[in-house]
Amino acid sequence: MTDPTPFPELPLSQQAEELAVTVLDVGHGNSAVVRDGSTCAVIDAAPGDIVQRELDRVGCQHIEHLIISHSDQDHAGGGPQILLDPLRTVGIAWFNPDAKKNTRIWERLIRAVYTRHRRGGFGGHQMLHTETPQTLFCGRARLEVCHPSFLMAGTGPTEDSPTFGKLDTNTVSIVVRVHLEEEPAVLLAADMDAVALKHIQGNGQQLSAPVLVFPHHGGLPGKADPQSFANELTALVAPQLVIFSIRGGLRPANPNQAIMAGVRLAAPEAHIACTQLSVHCHEEKQLVTDRHLAVLPAAGRKSGRACAGSVTVSRVEAGLRFDPPLETHRSFVDSGTVANPLCRLPIPGPRKAPDNVGLEEGADGT
């Protein structure tokens with residue numbers, strides 16, 4: 001359920017100056033708005049009206065880039081609404097084919113591209129991968145594609161390919177690193193899994209960023225060990241802030257506890273924030289206030305399950321500014337309002353190798 005509360009538009013002076021990424025609380029899904037003043041890009045569009053309301057709030061009438069990381073509903077479900085909005089024009093819609101996805105929402109997205117092209121006010125559709133020749137800018141923000149390669153995007157999700165074998169929809173998710181004034185700021189990891197991470201490393205792609213929006217809402221990374229995956233990814237990104245975009249009360253509960261352990265082992269000083277309260281942390285029926293949230297649209301506001309809510313990362317002269325401030329979120333978590341915060345449990349020790357690792361096997365097999 002979304003929050004119908006109207007939010008005042010930013011003053012024109014602030015619209016003209018702010019360079020920021022807003023990671024939106026859309027419940028179970030992902031959506032982010034990158035903006036330089038009123039020049040905007042949207043990366044993933046979950047169902048509901050949260051993205052549209054944020055675009056209204058910042059006065060965005062033209063979306064420079066609409067990137068849909070992959071075909072799952074919680075990333076693509078709001079795409080048709082954005083494309084068919086007569087009050088906004090759209091530059092390029094970027095997404096890759098998925099022949100395996102035989103769903104109504106994916107069909108709607110494809111038809112929305114076709115319809116908007118016929119109506120006008122639209123620059124068309126293109127595939128997006130690491131070899132895309134065009135550099136994607138949104139004013140002073142640059143959107144760097146970290147995954148997939150053309151080889152993987154061109155192959156697409158499949159049960160069997162000569163190069164990659166089986167590829168899942170999550171494996172080919174578009175991963176974007178947002179730079180603000182040419183400084184890495186936010187890594188939007190979509191639903192990338194362990195296969196995707198290995199492919200990224202094999203291609204020598206850099207992932208470091210002060211903010212990591214953790215992939216797959218902190219869910220399982222395919223067949224790989226979740227703690228090892230989280231540890232490896234977090235170590236590569238070296239974030240100051242890790243965000244899990246989740247819906248409070250949803251089961252199976254995210255973030256996965258092994259994922260959280262891997263994140264905290266790799267970055268023990270990083271601040272961890274879930275958009276909504278996980279059932280690991282809080283009783284489902286016990287609601288919380290929204291006084292600690294930033295003045296931004298947030299799906300968890302009305303449901304009474306907001307944790308960090310929507311988070312804006314802005315480039316300022318001194319570096320990055322967070323809204324809500326990290327200290328405000330930290331105070332909310334530590335106030336006793338949250339019954340058992342997962343991000344405050346003792347950091348687990350590193351796993352011990354079995355006693356026989358490294359011992360030479362005897363002639364008798366012992």
Does the distance from a Lys or Arg side-chain N to an Asp or Glu carboxylate O, for D56 and R88, drop under 4.0 Å? yes
Can a salt bridge be assigned to the pair K166 and D160 using a cut-off of 4.0 Å between side-chain N and carboxylate O?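 Judged by the 4.0 Å cut-off on N to carboxylate O distance, K166 and D160 do not form a salt bridge.
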Do the ring planes of H70 and H75 sit parallel (below 30°), tilted (30 to 60°) or perpendicular (above 60°)?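 Tilted, since the angle between the ring planes falls between 30° and 60°.
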What closest approach, in Å, do [X] and [Y] show between heavy atoms, and which atom pair accounts for it?
X    : Y    : result
T155 : L151 : OG1-O, 2.7 Å
A209 : R177 : CB-CD, 4.5 Å
H62  : T89  : ND1-OG1, 2.6 Å

Centroid separation [X] to [Y] less than 6.0 Å:
X    : Y    : value
F244 : H217 : no
H292 : H329 : no
F164 : H199 : yes

Test K101 against D72 for salt bridge (charged side-chain N to carboxylate O under 4.0 Å, His left out), laying out the working first. CA-CA 8 Å; K101 204 70 173 182; D72 286 350; 2.8 Å; yes
Could you tell me if [Y] and [X] have a donor-acceptor pair between their side chains, going purely by distance under 3.5 Å?
X    : Y    : value
H179 : E144 : yes
E232 : Q227 : no
S31  : D44  : no

Same cluster for [X] and [Y] if Ile/Leu/Val/Met/Phe/Trp/Tyr side chains link at under 4.5 Å?
X    : Y    : value
I200 : L236 : yes
V195 : F229 : no
V42  : L136 : no
V176 : L320 : yes
L143 : L19  : yes

C343 pairs by side-chain contact (heavy atoms from CB on, under 4.5 Å) with which of V338, V242, V333, V263? V333
First locate atom [atom1] of [X], then atom [atom2] of [Y], and finally report the distance between them rounded to the nearest 0.5 Å.
X    : Y    : atom1 : atom2 : value
N30  : S245 : CG    : OG    : 4.5 Å
Q81  : L83  : CD    : CG    : 10.5 Å
I347 : E269 : CD1   : CD    : 7.5 Å
L233 : M192 : CG    : CE    : 5.0 Å
L187 : C146 : CG    : SG    : 6.0 Å

Min side-chain heavy-atom separation V237-S208 under 4.5 Å: no
Under the salt bridge (charged side-chain N to carboxylate O under 4.0 Å, His left out) criterion, do E182 and R142 qualify, and how do the steps go? CA-CA 7 Å; E182 289 305 318; R142 177 167 62 89; 3.0 Å; yes
Step through the shown structure and confirm whether more than 12 heavy atoms of other residues, nucleotides or ligands are within 6.0 Å of [atom1] on [X].
X    : atom1 : value
Q206 : CD    : no
Q201 : CD    : yes
R111 : CZ    : no
H117 : NE2   : no

Tell me if a side-chain donor or acceptor on D36 pairs with a main-chain N or O of T39 at a distance below 3.5 Å. no
List the steps and the verdict of salt bridge (charged side-chain N to carboxylate O under 4.0 Å, His left out) for R57 and E54. CA-CA 5 Å; R57 188 188 72 86; E54 174 63 7; 2.8 Å; yes
Among Q134, H65, Q126, which residue meets the side chain to side chain donor-acceptor pair (under 3.5 Å) test with W94? H65
